[in-house]
*Asks:* 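Okay, here's the structure, questions in a sec.
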Amino acid sequence: MKMNRKASLSRERLYHITCFFLIAFPLIGEEPILSEKTLFATVAITQGYTVGGEYRQSGLFRLQDGSWEHLGFKHPRIEAIAVHPKDPEVIYLAAGNGVLRSRDGGVSWRIVTDWRQTLTKDIAVDPNAPEDVYLATPHGLWISRNRGDTWNYSNNGIQRPYVMALGVDWGRKGHVLAGFEQGIFRSENGGLSWKQVGAPGIQVTRIRQSASHPQLWLAATQEGGLFVSQDGGSTWQRNPGVPETALLYCLAIDPNNPDRWATGGYQTGLWLTHDAGKTWKQITQPLESLTVKEVVFNPDDPQAILINLPGKDIYRSRDDGKSWASLQMPGASVWEMEYLPTIDP
Amino acid sequence: MKKSFLLLLGFLGLTAAFGSDVAPYSGLQPDSPTPEAPAIYHPPLEADRQRAFFERADRVVSYRLEQIDPEDTESGNFGAVAAALYTRQHLEWANARLIQLLEAPRGDMFWMFPATAIAYLGRDTLPEEGRQALRDAWRTYMPFRGDTENHLLMYYVTLYLMNQLYPDDPGDQWFTGKSSEENRAEAEEYLLHWMDLTLTRGQGEFDATHYIGVYLMPLGYLYTWSEDPEMRKRARLMLEYIMADFAVELHHGLFAGSHSRTDERQVIQPWNGVSSDFSWLLFDATYPTPSYGWYAFWYSVSSRFYPPEIIHHIARDRTQPYLHRETKRPRAFIRYTDESTPPTYKTTYLTPEYALGSHQGGVAHGIQHHSWDLMWRAEDPRKAYNTFFTLHPVADAQTLQMYFPEQKGGLVEGIARQKKSYNSPDKFIGGSVHEKMFQNLDTLIVLYQIPEDLRFQHINGFFSQDLDPLIEHESGWIFARGGNAYIAFFPLAPYHWKSLEKGGKRLVSTATNNGAVLQVADVSEFPNFQAFQETILNLHLETSTYPEPTVLFESLRGNLLYFQYSQIPSLNGIPVDYSNWKQFDGPFLQAERASSQLRLRYKNQERILDFATLSITDKLLDPPHSQ
């Protein structure tokens with residue numbers, strides 16, 4: 001999921017304005033979006049962990065003044081994070097025990113789901129309907145219309161319920177894309193019904209929307225390659241530059257440059273393009289491992305790209321992947337990294 | 001209540017009447033021999049049975065108590081603390097040690113169950129400091145709920161009980177952020193859901209040799225400590241249900257047949273595991289493991305729920321052969337199938353000397369699955385490798401993804417870090433979707449059709465060192481004797497042998513279209529081993545492996561079994577109709593599919609567990625039920 005956008009404009013307005021300028025003045029879309037964001041990471045330091053074992057400092061972290069601060073409970077499995085678009089102190093975590101919600105910037109937490117939602121995979125908030133929260137789980141998709149207080153199962157149009165990737169269109173209320181076991185599904189009515197729009201029969205692992213070009217969406221898959229939509233998720237094409245056999249875990253679109261994408265996965269190295277997927281560079285050196293679990297661009301630092309090599313560390317490069325510096329999270333396996341609005345500690 | 005009490009008295013009287021001429025019953029000592037010949041069952045006097053049960057439970061507690069050094073607060077686990085609280089000894093030590101153990105809680109639901117028992121055992125004896133440390137931990141430590149049926153059961157039973165103990169606390173006092181009332185309501189909803197699912201579709205972690213403990217233990221907690229009379233009744237019914245399900249497939253105390261989960265040790269040495277601790281504790285049916293087991297300990301300091309007499313008889317009486325069938329379910333599939341819990345159809349045939357069990361094939365639980373085996377009676381099971389089975393070893397990320405939500409990359413290696421044998425081609429546990437079975441009484445056909453893109457394209461067979469003699473006959477049959485069971489095994493494809501570090505040797509067959517026929521018999525049925533072999537050689541057998549494995553076999557029992565890998569098997573020309581299988585179907589247990597009633601029968605006794613009315617009804621049958 002996620003949101004990486006100015007909070008001052010309504011999402012709907014921003015979408016229409018952006019679409020207008022993209023048509024009229026294509027280059028304007030590449031103008032950096034200014035923001036003050038903090039890097040959050042959901043981390044499991046789980047080498048040797050089995051259920052019942054000791055988990056070290058796992059859970060939610062934020063990078064504060066160059067060092068990591070742990071927030072909330074230790075938890076071995078927090079796969080995704082989302083925040084309320086108007087109230088960044090409301091944080092949602094898609095966790096093993098369900099959805100953990102904080103209303104005070106991570107000081108206190110409540111499991112807002114029950115026994116039916118477990119091992120949750122992704123979570124997303126609709127920027128244009130901020131009370132609406134979408135939850136992906138191995139057993140299907142759930143929706144809350146009240147900030148997570150109550151949840152309803154959503155399966156109209158879905159055959160195989162396993163879902164692990166979500167993206168809510170930041171420009172259109174109730175438009176949601178979800179990555180299921182058998183492809184990309186879209187809802188245009190806030191999850192009341194779903195229709196398959198791409199990657200038939202292919203398991204989707206991550207979905208991302210451009211923060212500047214709302215019509216641009218990407219989907220990473222397990223053994224299906226990378227899929228691209230240029231029409232707001234209505235149609236999808238496989239990008240030939242990324243191998244179909246790849247087990248892709250992660251995906252990012254530079255919020256300041258919609259032509260700059262990155263993806264990675266199991267033993268893939270980091271794949272990077274600067275021309276919207278026409279040509280790709282595969283970065284394998286000098287990475288400590290070829291498996292890339294997470295990748296994110298820093299909206300406030302256009303040069304920076306951050307990756308996680310699971311079990312190794314989080315790294316940052318400012319020279320397009322030629323060199324990498326550790327962000328000092330040794331042993332980390334990162335489920336998700338996200339730049340979110342800064343909350344005063 | 002009054003009626004039940006009178007019936008109980010009637011049972012006691014009857015038992016005393018036909019048990020009066022037997023020697024006084026005594027609990028089995030860990031180093032004593034099995035007390036009974038297989039063809040004789042001496043029911044214990046009810047009073048003796050009860051006394052012996054509590055003596056065994058005391059021994060389990062004493063073992064942990066003896067580990068305590070009251071001068072040393074740096075060592076001792078939660079079990080030792082609980083033993084001290086239960087016996088009201090070393091209380092000062094228990095308090096100090098508990099506070100230390102709670103400094104850095106770990107273990108998820110495996111922490112929750114000792115913590116809950118200690119909270120209840122220490123209600124009156126723990127000083128305030130210890131009780132407060134325990135209470136605080138439920139606020140500051142968030143245990144992971146886990147991902148299996150037993151994880152969730154332990155998580156919610158303990159959450160339910162702890163919130164009962166502190167019924168009015170607000171959400172900020174619990175790791176869930178929910179109030180006591182909310183936590184308890186959620187836990188209750190899950191527990192009722194699990195009970196209903198188990199009754200209507202069977203357990204997913206069915207008949208697990210190790211995990212039997214993590215069902216009996218939490219249900220024992222719930223039965224003992226729940227203050228809600230209805231929940232107590234449900235827990236009591238489920239306890240009896242799980243115990244009966246366990247008892248009916250015990251073969252001289254060892255857990256026979258197909259198991260959703262077992263482990264590398266117990267799969268080749270059936271005595272060596274948790275199921276034996278409970279088989280001993282509940283039914284005095286075999287030897288306990290040396291420390292009496294961790295879960296049996298928690299059962300002993302919590303409920304000590306004493307098995308009803310009829311379940312004891314079902315567990316112990318193996319004087320007559322019987323066929324038992326069950327319908328279970330696999331671990332819920334989340335991917336690659338339209339049906340999340342397709343039925344698992346189990347068949348177990350038990351005789352005084354051996355037990356053969358299987359299910360129809362496929363994966364029930366993947367990693368630790370055990371699809372079929374033959375087990376024979378051993379004079380001392382602690383020294384025996386009294387089992388025989390084959391399997392297709394699978395280490396495959398796609399199969400794992402059917403029930404794990406993980407990404408595919410590195411999944412096999414990740415599992416192998418936790419379950420050591422998983423990624424080994426030599427392993428003896430694990431399920432395969434490429435294995436199918438058809439069993440009729442003591443005849444089994446097992447077939448394999450292994451895709452050529454899989455990493456492991458062979459089958460393994462465990463041949464115990466206890467098989468004596470073992471003859472590879474020129475006909476292709478392998479003849480063997482295990483205990484008092486004659487075994488005839490016909491591999492469909494060429495094979496070779498590999499040595500094992502312990503227990504016997506491994507048959508390896510690399511044909512991808514493969515299979516075998518197994519026929520078992522009691523040695524008493526034949527004048528000698530030679531006669532058994534000649535009889536088998538005269539049975540009609542046709543096999544082929546292409547285009548798919550197929551067997552036509554006239555069994556020793558006069559039945560014609562036909563099984564083609566991709567087809568429904570047939571018996572005497574009639575296709576097997578699994579759709580009409582019951583939840584339980586055998587002389588001892590009967591339950592319809594999706595039924596809320598389990599009927600237990602033993603000779604003239606009948607006990608009905610009715611989950612709809614939350615009642616237990618005992619009857620005396622006239623004439624006695626035929627086993």
Side-chain angles (χ1 to χ4, degrees), chain A residues 46-56 58-59 72-77 79 95-98 100-102 108-116 118-121 136-140 159-164 180-182 203 205 222-223 246-249 265-268 291 293 310-311, chain B residues 104-112 140-148 150-152 154-156 159 171-172 174-179 182-183 185-191 193-194 332-338 340 397-398 401-411 414-415 417-419:
Chain A
T46 58
Q47 280 184 324
Y49 170 77
T50 56
V51 175
E54 179 182 8
Y55 22 91
R56 284 167 277 169
S58 295
F73 290 97
K74 289 183 189 176
H75 198 61
R77 193 173 190 123
E79 299 207 24
N97 281 4
L100 310 186
R101 183 186 67 194
S102 173
S108 64
W109 295 87
R110 174 184 166 93
I111 304 173
V112 292
T113 44
D114 60 39
W115 62 271
R116 293 168 299 172
T118 200
L119 304 173
T120 63
K121 306 295 292 180
T137 83
H139 301 279
Q159 188 187 6
R160 296 267 181 88
Y162 181 93
V163 53
M164 67 176 294
F180 282 85
E181 180 200 322
Q182 293 188 313
Q203 202 160 142
T205 56
Q222 171 181 293
E223 295 170 325
L247 305 172
L248 297 178
Y249 292 161
Y266 183 69
Q267 297 287 309
T268 61
T291 297
K293 193 149 190 292
Chain B
R106 52 174 284 194
D108 305 317
M109 69 296 300
F110 297 102
W111 173 88
M112 295 170 85
T140 57
Y141 168 54
M142 179 182 279
F144 176 37
R145 194 188 289 165
D147 57 3
T148 68
N150 75 77
H151 291 166
L152 266 73
M154 285 190 282
Y155 178 94
Y156 277 118
L159 191 65
D172 62 7
W174 296 103
F175 70 85
T176 59
K178 297 178 181 176
S179 69
E182 289 173 311
N183 284 325
E186 180 182 331
E188 181 172 322
E189 191 179 305
Y190 173 77
L191 294 172
H193 160 78
W194 175 77
F333 296 134
I334 54 177
R335 278 185 267 199
Y336 309 138
T337 175
D338 290 327
S340 95
Q398 182 99 354
Q401 280 196 312
M402 289 177 74
Y403 43 89
F404 285 120
E406 265 59 35
Q407 302 264 29
K408 193 181 256 185
L411 184 52
I415 294 295
R417 278 196 288 274
Q418 302 168 25
K419 312 286 184 193

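Chain letters run A, B, ... following the sequence lines, proteins first, then strands; residues in each count from 1. No hydrogens, no waters, no symmetry mates; every other heavy atom, side chains included, goes into these values.
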*Asks:* Name the region of B/Thr148, side chain, backbone, both or neither, that has any atom closer than 4.5 Å to a heavy atom of chain A.
*Replies:*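 Answer is neither: B/Thr148 stays 4.5 Å or more from chain A.
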
*Asks:* How many angstroms lie between CG in A/Leu100 and CZ in B/Phe175, if you round to the nearest 0.5 Å?
*Replies:*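 A/Leu100 atom CG to B/Phe175 atom CZ measures 10.5 Å (nearest 0.5 Å).
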
*Asks:* What residues form a side-chain contact (heavy atoms from CB on, under 4.5 Å) with B/Phe404, not counting sequence neighbours?
*Replies:*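 B/Phe404: side-chain contact (heavy atoms from CB on, under 4.5 Å) contacts with B/Asp147, B/Arg331, B/Ile367, B/Leu400, B/Glu406, B/Ile415.
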
*Asks:* What distance do A/Asp114 atom CG and B/Tyr190 atom OH have between them, rounded to the nearest 0.5 Å?
*Replies:*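 It comes to 12.0 Å.
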
*Asks:* Taking B/Asp338 for its side chain and A/Gln159 for its backbone only, find out whether a donor-acceptor pair lies under 3.5 Å.
*Replies:*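 No, because the side chain of B/Asp338 does not come within donor-acceptor range (under 3.5 Å) of the backbone of A/Gln159.
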
*Asks:* By a 4.5 Å heavy-atom criterion (distance strictly below it), what part of B/Gln401 contacts chain A: side chain, backbone, both, or neither?
*Replies:*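 The side chain, not the backbone.
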
*Asks:* Identify which part of A/Thr118 has an atom lying under 4.5 Å from any heavy atom of chain B, answering side chain, backbone, both or neither.
*Replies:*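 The answer is both parts of A/Thr118.
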
*Asks:* How far does CG of A/Leu247 sit from NZ of B/Lys408, to the nearest 0.5 angstrom?
*Replies:*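 Taking CG in A/Leu247 and NZ in B/Lys408, the distance rounds to 6.5 Å.
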
*Asks:* Short question: side chain of A/Lys121, backbone of B/Pro405 - any donor-acceptor pair under 3.5 Å?
*Replies:*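 Between the backbone of B/Pro405 and the side chain of A/Lys121 there is a qualifying donor-acceptor contact (under 3.5 Å).
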
*Asks:* Tell me, for A/Thr113 versus chain B, whether the close heavy atoms (under 4.5 Å) come from the side chain, the backbone, both or neither.
*Replies:*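 It is the backbone, since no side chain atom gets that close.
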
*Asks:* Measure the CH2-NE2 distance between A/Trp115 and B/His193 for me, rounded to the nearest 0.5 Å.
*Replies:*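 Answer rounded to 0.5 Å: 4.0 Å.
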
*Asks:* Sequence neighbours left out, what passes side-chain hydrogen bond (donor to acceptor under 3.5 Å, both in side chains) with B/Trp111? Give chain and number order.
*Replies:*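 For B/Trp111 there are no side-chain hydrogen bond (donor to acceptor under 3.5 Å, both in side chains) partners, ignoring immediate neighbours.
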
*Asks:* Of all of B/Arg335, B/Lys178, B/Glu186, which one pairs up most often with chain A through heavy atoms under 4.5 Å apart?
*Replies:*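 Top count of heavy-atom pairs under 4.5 Å with chain A: B/Arg335.
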
*Asks:* I need the A/Trp109 CH2 to B/Thr176 OG1 distance, nearest 0.5 Å.
*Replies:*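 A/Trp109 CH2 to B/Thr176 OG1: 14.5 Å, rounded to 0.5 Å.
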
*Asks:* Between OG1 of B/Thr337 and OH of A/Tyr162, what distance do you get to the nearest 0.5 Å?
*Replies:*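 Answer rounded to 0.5 Å: 15.5 Å.
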
*Asks:* Is any side-chain heavy atom of B/Gln407 closer than 4.5 Å to a side-chain heavy atom of A/Lys293?
*Replies:*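 The answer is no, as the side chains (C-beta and beyond) never meet within the 4.5 Å cut-off.
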
*Asks:* Heavy atoms only: give me the nearest B/Phe144-A/Gly96 pair and the separation to one decimal.
*Replies:*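 Looking at all heavy atoms of both residues, the shortest contact is CE1-CA, 3.6 Å.
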
*Asks:* With respect to chain B, which residue among A/Glu223, A/Arg116, A/Gln267 yields the maximal number of heavy-atom pairs within a distance under 4.5 Å?
*Replies:*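 Top option by heavy-atom pairs under 4.5 Å: A/Glu223.
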
*Asks:* Of the backbone (N, CA, C, O) and the side chain (C-beta and beyond), which part of A/Arg77 lies under 4.5 Å from a heavy atom of chain B, both, or neither?
*Replies:*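 For A/Arg77, side-chain heavy atoms alone lie under 4.5 Å from chain B.
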
*Asks:* Quick check: does any side chain N or O of A/Tyr249 sit under 3.5 Å from a backbone N or O of B/Gly409, one acting as donor and the other as acceptor?
*Replies:*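 Looks like yes, one N/O pair under 3.5 Å.
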
*Asks:* Hey, which of A/Glu79, A/Gln203, A/His139 has the most heavy atom pairs under 4.5 Å with chain B?
*Replies:*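 It is A/Gln203.
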
*Asks:* For the pair A/Glu181 (side chain) and B/Tyr336 (backbone), establish whether a donor and an acceptor sit closer than 3.5 Å, ignoring hydrogens and angles.
*Replies:*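 Yes.
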
*Asks:* Using non-hydrogen atoms only, which part of B/Ser340 is less than 4.5 Å away from chain A: side chain, backbone, both, or neither?
*Replies:*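 For B/Ser340, there is no contact with chain A at all, as no heavy atom is under 4.5 Å.
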
